[in-house]
Amino acid sequence: MFIVISSVAENQRNHTGEKPYSCSECGKCFRQKSNLLEHLKIHTGEKPFSCLECGNCFRQKSHLVEHEKTHTGEKPFSCSECGKCFGMKLSLEIHQRIHTGERPFPCPECRMSFKQKQHLETHQRIHTDKSGLVQHQKIHTGEKGFSCSECEKCFGKKSLLDVHQRTHTEEKPFSCPECGKCFNRKSNLVKHQTIHTGEKPYPCPECEKYFYQKAHLDKHLRTHTGEKPFSCPECEKCFNEKSNLVKHQRIHTGEKPYSCPECEKCFTDKSSYNRHQKNHTGENIFSCSECGKCFNGKSNLVQHQRIHTGENSFPCPECVKCFNRKGYLDMHLRTHTGKKP
C-alpha cells in the first residue's frame, strides 16, 4: 500500500511542479528522493560504476553502459536520413537536429535558440557575465581590440588572435592520430578526420554526390544554381567562393602576401608562390605524354599540349580567329578595340 501511495504522490508532483527534496550543498531541488541521491554524488565525487576495460568510473550505471560501447564499437542507433550510426541515443537525437533544423533550447533573455543545452549555457554567460556581455557587444559595434604584432590585423576576440598568430609562427598543435598531419585549429582536425572514417553525411539533392563537410556541399550547390554571392565592392565582379573574391581584391589593393625567401619575389596567391618555388628547386612534376617535356605547373602543361592537339579554345567574338592561349586572344582583341597595352 505504501508503494502505491508513494507512486501516486510522485506522479502528482509531475503536475504540481513540487520539489520537496533539496540538496544541502547547493540548494537544488528535486521531485524524487532517488534523483537527490544521484545528484549528491556530484558533491561527494562518488563514482561507484567502473569500466572493466579502462578503469574509468561513472556516477550512474547508464553512463557506464554508454561508455562501454566505445570499447566494443557498438553503434546501435542509426540516422534514418543519412545512415550515420551512434553509440548513444542522445548523440543520435542531437545529430538529427542537423536535418530537422530543430533548436529546442531557447534563451530566455534574447531570441536565440540552440541545438544543444551546453551551447545555450555557454551563450547565457553573455547575459550573466559582464565581461562576456562586453565581448558579445563588439559583434554589433565592430570593435576589434586585439591586434597582431606581425601584420597589424585586428580581431574582436583574443582567441581569434591566438589562432591567427599561428599563421606566422606556423604552429600546428592539433595532430591526426591516423596519419600524423597537423593543424592550427582543432575544428580543421575534426574536419580532416572524416577523410579516414569515410563519413560523408551531406548529400547533394541535385546529383546525389556526398560531402564530408556542409561548407563543401554549399559550395558544390552553387555549380547547380550558378549563384555567385561574393561581389567585389571595387568593380562589382562576382564569385562563387569567398576565397576567390579575396584573391581578386588583391588586384585592386596590390597586396602580395606570399614572398619567396630565395629571390624576394612576391605573389598574390599561394598556388602561384608554390609554382614559382619550383623554379629554384628545379622540380618539374608535370610531363607531356607526347614529347616528354616537363613543366612545374599543370596549367603550363595543358597550354603546351594544345601544340600537339591543335586545340584553339579561345575564339575571338569579333572575327573567326581562334587561339590556344587566353593571353594571345587578349592581345588580338586590341586590333579590334584599338586599345593600347
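Sequential numbering from 1 along the given sequence is applied to the chain's residues.
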Point-to-point distance, once rounded to the nearest 0.5 Å, from NE2 of His224 to NZ of Lys209: 7.5 Å
Closest contact, heavy atoms only, Gln116 versus Phe105: C-CD1, 3.5 Å
Euclidean distance, Cys232 SG relative to Ile251 CD1, rounded to 0.5 Å: 8.5 Å
Check: Phe114 main-chain N/O paired with Arg103 side-chain donor or acceptor under 3.5 Å: no
Verdict with supporting geometry, Arg250 and Lys256, side-chain contact (heavy atoms from CB on, under 4.5 Å): CA-CA 7 Å; Arg250 291 174 187 149; Lys256 294 184 176 181; over 6 Å; no
Pair His220-Phe211, ring pair (Phe, Tyr, Trp, His ring centres under 6.0 Å): steps then yes or no: CA-CA 9 Å; His220 165 78; Phe211 297 87; 4.8 Å; yes
Validation row: His168, Ser149 side chains within 4.5 angstrom (heavy atoms): no
More than 12 heavy atoms of other groups within 6.0 Å of Arg222 CZ: yes
Pairwise side-chain contact, His248 with Cys235, heavy-atom cut-off 4.5 Å (strictly under): yes
Over all atoms of both residues, closest heavy-atom pair of Leu221 and Cys204: CD2-SG, 3.9 Å
Approximate separation, where rounding is to 0.5 Å, of Glu227 CD and Asp218 CG: 9.5 Å
Euclidean distance, Gln165 CD relative to Asn184 CG, rounded to 0.5 Å: 12.0 Å
Residue pair Ser272 / Asp269, side-chain donor-acceptor N/O under 3.5 Å: yes
Point-to-point distance, once rounded to the nearest 0.5 Å, from CZ of Arg166 to NZ of Lys172: 12.0 Å
Atom CD of Glu236 with >12 non-hydrogen neighbours under 6.0 angstrom: no
Nearest non-hydrogen partners of Gln32 and Tyr21, listed with the distance: C-CD1, 3.5 Å
Connected via hydrophobic side-chain network under 4.5 Å: Phe183 and Val163: no
Heavy-atom side-chain contact between Lys321 and His332 under 4.5 Å: yes
Closest non-hydrogen atom pair, Leu189 against Ser175: CD2-O, 3.8 Å
Taking every non-hydrogen atom, the tightest pair across Phe49 and Leu64: CB-CD2, 3.9 Å
Atom of Phe230, atom of Glu241 and distance for their closest heavy-atom approach: CD1-C, 3.5 Å
Test of ring centre spacing under 6.0 Å for His276 and Phe267: yes
Side-chain donor-acceptor contacts of residues 75-86 below 3.5 Å, not counting sequence neighbours, with atom names and distances?
{"unit_1": "Lys84", "atom_1": "NZ", "unit_2": "Glu199", "atom_2": "OE2", "d": "2.5"}

Ion pair check, Glu102 and Lys115, cut-off under 4.0 Å: no
